[in-house]
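The structure displayed is predicted, hence computed values, not measured ones.
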Amino acid sequence: MLRILVCVKQVPDVDQLRMDPETGSLIRDGVPSILNPQDANALSAALSVKVSFGGEVTAITMGPPMAESALRECLAAGADRAVLVTDRAFGGADTLATSYVIASAAGTLGGFDLIFCGKETIDGATGQMGAQLAERFDASQITGALLVLGVDEAARAIRAERELERGVETLEASLPCLLTMEKTNYPARIPNLKGKLRAKKAEITVLTASDIPGLDRDRIGDPGSPTKVPRMFPPVLPEPGVMIDEGGAEANAARLCELIRGV
Ligand code: FAD
């Protein structure tokens, strides 16, 4: 049976985020938290693979205790199990420390044949986690995956389509394999009532730092994070453009010359 892991993150609804112009910090008060939209697509892909090729789908997140609600969304949509990796010691983690903790936590759950990630989050949006996790799992990786064509568990192989700038590439990779998913073919699943009720009652495995044997405390949280953010500021937007429409090419050109001369 395929063991499938889906990495998900709870994010603030960025459409509602504001920045304090004085301090440069984000104003999170009153901003709802949601399941990162691309992770809902990654979960959808994992569930499709389960339906076609069999398997068990585990959703995992590293985050504060409230990230449990994102996991319950995953359970409602069809995930079999959910794992919350949470500890104050994980706070202030950059992508390096986050991928270390997630891979270490997943290691306590046994091996995985397939790992699904979103392409990026809507808050951090580094897009680094997929590649870092693939290295940490010692897995092959298919980034920007569009469609899973087949999984052959006996041959330890997966075939998938991957989006390129101008076209689509078909790749075959060995298991374990990590895929970062495009949303095109895997719309988010809408949970039904049965799923919601099951998710409400389901037990979620909680792992703290001390539940992960051998976890190196120097590699987690703020101390384990070489990336520092010295300042945040809203982007300065350029002046809006001017449409020139003087009624003809010559008149437009004349007006353009005036604008260049600053008239
Ligand atoms: P991406 O690389 O864009 O995500 C790609 C995919 O990886 C996602 O679609 C998802 O499938 C998976 N993924 C991403 N994050 C997680 C996760 N947490 N669990 C499971 N799967 C995941 N964040 C905080 O919440 N608290 C902090 O205190 C904090 N401090 C930070 C300090 C620094 C200096 C920096 C640079 C970042 C900090 N962050 C903090 C942000 C944190 O590092 C990132 O949110 C996290 O590493 C994921 O990066 P990303 O959002 O760019 O994910």
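Applying the side-chain contact (heavy atoms from CB on, under 4.5 Å) test to Ala93 and every residue at least two apart in sequence or in another chain returns Met62, Ala97, Thr98, Ser225. Residues that satisfy the side-chain contact (heavy atoms from CB on, under 4.5 Å) test with Ala82, not counting sequence neighbours, are Leu71, Leu75, Ile204. With sequence neighbours left out, Thr126 forms a side-chain contact (heavy atoms from CB on, under 4.5 Å) with Thr95, Gln128. With sequence neighbours left out, the side-chain contact (heavy atoms from CB on, under 4.5 Å) criterion links Ala105 to Ile60, Val85, Leu207, Ile212. Shown here are the side chain to side chain donor-acceptor pair (under 3.5 Å) partners of Thr86, two or more places apart in sequence or in another chain: there are none.
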- Applying side-chain contact (heavy atoms from CB on, under 4.5 Å), run through Thr58 and Asp80 and close with a yes or a no. CA-CA 6 Å; Thr58 301; Asp80 299 296; 6.0 Å; no

- Task: Go through the steps for Thr205 and Arg81 under the test side-chain contact (heavy atoms from CB on, under 4.5 Å), then give the verdict.
- Result: CA-CA 8 Å; Thr205 305; Arg81 306 175 59 184; 3.9 Å; yes

- Dump the intermediate steps for side-chain hydrogen bond (donor to acceptor under 3.5 Å, both in side chains) on Ser48 and Arg189, then the final yes or no. CA-CA 10 Å; Ser48 296; Arg189 308 273 170 129; 2.9 Å; yes

- Task: Walk me through it: do Gln10 and Ser69 pass the test side-chain hydrogen bond (donor to acceptor under 3.5 Å, both in side chains)?
- Result: CA-CA 8 Å; Gln10 190 179 51; Ser69 61; 2.9 Å; yes

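Considering every non-hydrogen atom in both Ser44 and Pro187, the closest pair reads OG-O, 2.9 Å. Here the shortest heavy-atom pairing between Val8 and Cys74 reads CG1-SG, 3.9 Å. Closest approach of Ala77 and Leu47 over heavy atoms only: O-CD1, 3.3 Å. Annotation for Pro12 and Leu17: closest pair CG-CD1, 4.0 Å, computed over non-hydrogen atoms.
Pairs engaging residues 194-204 under the side-chain hydrogen bond (donor to acceptor under 3.5 Å, both in side chains) rule: none recorded [sequence neighbours left out]. Residues in residues 211-225 take part in these salt bridge (Lys or Arg N to Asp or Glu O under 4.0 Å) pairs, two or more places apart or across chains: Asp222-Lys228. For residues 54-75, the salt bridge (Lys or Arg N to Asp or Glu O under 4.0 Å) pairs, not counting sequence neighbours, are Glu68-Arg72. Residue pairs meeting the side-chain hydrogen bond (donor to acceptor under 3.5 Å, both in side chains) criterion with at least one partner in residues 102-118, sequence neighbours excluded, are Asp113-Arg156.
Proximity of Cys117 to Leu133: side-chain heavy atoms (C-beta onward) are separated by under 4.5 Å at one or more points. In this structure, Val49 and Leu114 have side chains that are in contact, with non-hydrogen atoms separated by less than 4.5 Å. Ile115 is not listed as a side-chain neighbour of Gln141, based on a closest heavy-atom distance of 4.5 Å or more. Counting heavy atoms from C-beta outward, Phe112 and Leu2 have side chains that stay 4.5 Å or more apart. Side-chain contact between Gln16 and Pro32 is present, with heavy atoms from C-beta onward closer than 4.5 Å. Looking at Gln38 and Thr121, their side chains never come closer than 4.5 Å, going by heavy atoms from C-beta outward. Using a 4.5 Å cut-off on side-chain heavy atoms (C-beta onward), Leu96 and Thr227 make no contact.
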Pair up each side-chain donor or acceptor in residues 167-183 with any protein partner under 3.5 Å, not counting sequence neighbours, and list the distances.
| unit_1 | atom_1 | unit_2 | atom_2 | d |
| --- | --- | --- | --- | --- |
| Glu169 | OE1 | Arg162 | NH1 | 2.9 |
| Thr180 | OG1 | Gly144 | N | 3.0 |
| Glu182 | OE2 | Lys119 | NZ | 3.1 |

Indicate every side-chain donor-acceptor pair of residues 235-255 with a distance under 3.5 Å to a residue at least two apart or in another chain.
| unit_1 | atom_1 | unit_2 | atom_2 | d |
| --- | --- | --- | --- | --- |
| Asn252 | OD1 | Glu246 | N | 2.6 |
| Asn252 | ND2 | Gly248 | O | 3.3 |
| Arg255 | NH1 | Glu258 | OE1 | 2.7 |

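The backbone N or O of Ala42 lies less than 3.5 Å from no partner atom in the side chain of Asp39, so there is not a single donor-acceptor pair. In terms of modelled atom types and a separation under 3.5 Å, the side chain of Asn192 and the main chain of Gly195 share a donor-acceptor contact. The main-chain N or O of Ile34 is never found under 3.5 Å from a side-chain atom of Asp13 such that the two would form a donor-acceptor pair. Looking at Asp123, its side chain never comes within 3.5 Å of a backbone N or O of Val11 through a donor-acceptor pair.
The cluster map of Ile, Leu, Val, Met, Phe, Trp and Tyr, joined by side-chain heavy atoms under 4.5 Å apart, puts Met66 and Ile102 in different clusters. Leu109 and Leu215 end up in the same hydrophobic cluster when Ile, Leu, Val, Met, Phe, Trp and Tyr side chains are linked at under 4.5 Å. Linking ILVMFWY residues whenever their side-chain heavy atoms come closer than 4.5 Å, directly or via other members, places Val57 and Leu84 in the same cluster. Note on Phe137: it does not cluster hydrophobically with Phe116, by side-chain heavy-atom contacts below 4.5 Å among ILVMFWY residues. Note on Leu5 and Val51: separate hydrophobic clusters, where clusters join Ile, Leu, Val, Met, Phe, Trp and Tyr whose side-chain heavy atoms are under 4.5 Å apart, directly or indirectly.
Hydrophobic side-chain contacts under 4.5 Å tie Leu193 into a cluster, directly or through other members, with Leu197.
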